[in-house]
Amino acid sequence: MSIQLSDKINALKASATLAMAAKARELRAEGKDIIGLSLGEPDFNTPDFIKEAAIQAVNDNYNSYTPVDGYVELKDAIITKFKRDNGLTYDRSQIVVSTGAKQSLYNVAQVYINPGDEIILPCPYWVSYSDIVKLSGGVPVEVKTSIDTDFKMTAEQLEKAITPKTKMLWYSSPCNPSGSIYSKEELRALADVLQKHPNIIVVSDEIYEHINYVGGHASMAQFEDMYNRTVTVNGVAKAFAMTGWRIGYIGAPAAIARACNKMQGQVTSGANCIAQRAVITALEAPVSKIQYMVDEFKERRKLILGLLSEIPGFECNEPEGAFYVFPDISYYFGKTLQGHTIENATDFSMFLLEKANVATVTGIAFGNSNCIRISYAASTEEIKEAIKRIKEVVS
Ligand code: PMP
Ligand code: GLU
């Protein structure tokens, strides 16, 4: 018998970030000395005060199914966090805790998108947006940006991309992969366009909120006229070094939150009990408790930008947040390096993997074909060695 998978899964692309990380692991297992700069994952351990809360939760016998949308105490901690950090007022009916921000995004897509609806994705966008949208039958509408506008979509571009079928706008700020941050004024300019199109809902992915080197995080929902039409997505993976704990959450219009709760109740049920208890402690702590990681990322940003500036053909914007650089490497297209002709960003990324033993991610996965993404959530030694190797193989 031949296995006939569904059309849906056949059409789905594998996550390029996870695929590259898996490839790097595989090559390492074969004995290759691979430096992994492909995955956006802090190399810090989860802070001790959070680990202790988890151990306490185990000992306190938190082992039963959790409420589908999250423990009330966690929802309250999220409500306090939204108020404290973002000036946003949500009540319990507007919060849904999920198994990672990825599930939060998936839920929102499933409950809000009908087949044929258009979803505007400023490029570069985070790798999974496009396929999450497609899984719900939506049509991603990519709005191309370049290094010239710091990879940010302008109000004019948004206006042009809107059609009668536009249902949502999805973006991340700080942006994965470009590190760009939309200022309050830039968000207001986008909101002004959306005022003329009152049915479009915004998904504002703020998971890198605290990994910000310039200050001034702005949320779309802070505008009174956008509050009722914005889903604010956040999570603990990045800022708290908790990628494997899998907790994300949304603050949303109550109708959307209710729908996500219903959706999750049929798919995964509530998120993990121990992780949720630990996240209460994480979110209740002052943000200053995690500042040491942000300070370290800032140093590494300086280091990697300095090292990359010494390599011809690596044109970088200065990322204001997150922990990625997204160099435009189109200079190499059409050139032959060590017998390999580089046609596009994927060729270049594969060339770096094979010849320099450095794992990066092709910009094509983020909707940008001129760039590659390099994560600097790695030790300074790894960053120095990786960029040295890259320099050697492209020279
Ligand atoms: N949004 C962005 C922009 C991300 O980079 C990631 C990667 N982790 C996610 C969402 C998903 O986060 P989580 O690990 O909480 O599922
Ligand atoms: N968000 C991270 C990244 O972009 C983790 C990988 C993933 O979830 O795709 O690398």
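Both counts, for ligands and for their atoms, begin at 1 and track the order of listing. We're numbering straight along the sequence, starting at 1.
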*Taking only heavy atoms of Ala237, which atoms of ligand 1 are found under 4.0 Å from at least one of them?*
14 (O), 15 (O)
*asked:* Under a 4.0 angstrom heavy-atom cut-off, which atoms of ligand 1 come close to Gly100?
replied: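 Atoms satisfying the 4.0 Å criterion: 15 (O), 16 (O).
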Closer than 4.0 angstrom, basic N to acidic O: yes or no for [X] and [Y]?
| X | Y | answer |
| --- | --- | --- |
| Glu385 | Lys388 | yes |
| Lys152 | Glu186 | yes |
| Lys75 | Asp91 | no |
| Asp225 | Arg188 | yes |
| Asp48 | Lys289 | no |

Check whether [X] reaches the backbone of [Y] with its side chain - one donor and one acceptor, N or O, closer than 3.5 Å.
| X | Y | value |
| --- | --- | --- |
| Ser375 | Leu39 | yes |
| Ser180 | Asp150 | yes |
| Asn86 | Leu88 | no |

*Ignoring angles and geometry beyond distance, decide whether Val127 reaches within less than 3.5 Å of ligand 2 through its nitrogen or oxygen atoms.*
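For ligand 2, there is no N or O atom that lies under 3.5 Å from one belonging to Val127.
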*asked:* Geometry only, no angles: is Thr17 polar-contacting ligand 2 at N/O separations under 3.5 Å?
replied: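 There is such a contact, yes.
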Does only the side chain of [X] get under 4.0 Å from ligand 2, or the backbone, or both, or neither? Count heavy atoms.
| X | answer |
| --- | --- |
| Leu18 | side chain |
| Thr243 | neither |
| Phe366 | neither |

What protein heavy atom lies closest to [atom]? Include the residue and the distance to one decimal.
| atom | answer |
| --- | --- |
| atom 7 (C) of ligand 1 | Lys238 NZ, 3.1 Å |
| atom 15 (O) of ligand 1 | Ala101 N, 2.7 Å |
| atom 6 (C) of ligand 1 | Trp126 CZ2, 3.5 Å |
| atom 2 (C) of ligand 1 | Asp205 OD2, 3.4 Å |
| atom 2 (C) of ligand 2 | Lys238 NZ, 3.2 Å |

[X]: numbered ligand 2 atoms lying under 4.0 Å from its heavy atoms:
| X | value |
| --- | --- |
| Lys102 | 7 (C), 8 (O), 9 (O) |
| Trp126 | 1 (N), 3 (C), 4 (O), 7 (C), 8 (O), 9 (O) |
| Leu39 | 5 (C), 6 (C), 10 (O) |
| Ser15 | 9 (O) |

I want to know if ligand 1 touches [X] in the polar sense, i.e. an N/O pair below 3.5 angstrom.
| X | value |
| --- | --- |
| Thr99 | no |
| Asn176 | yes |
| Tyr208 | yes |

_Quick check: do His210 and Lys238 have side-chain heavy atoms less than 4.5 Å from each other?_
no
*Just wondering, do Leu305 and Pro319 contact through their side chains at under 4.5 Å, heavy atoms?*
yes
*Could you tell me whether ligand 2 has any atom less than 4.0 Å away from a heavy atom of Glu41?*
no
*asked:* Would Arg246 count as a contact residue for ligand 1, given that I'm defining contact as a non-hydrogen atom of the residue lying under 4.0 Å from a ligand atom?
replied: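 Yes, Arg246 has heavy atoms under 4.0 Å from ligand 1.
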*Touching ligand 1 at all, Ile207? Heavy atoms, strictly under 4.0 Å?*
yes
*Find out whether the Lys NZ or Arg CZ of Lys51 is both under 6.0 angstrom from the six-membered ring centre of Phe49 and within 45° of the ring's axis.*
no
*Arg277 to Tyr62 six-membered ring, cation-pi geometry met (6.0 Å, 45°)*: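 Checked: cation-pi criterion met.
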*Where does the angle between the aromatic ring planes of Tyr129 and Tyr125 fall among parallel (under 30°), tilted (30 to 60°) and perpendicular (over 60°)?*
parallel
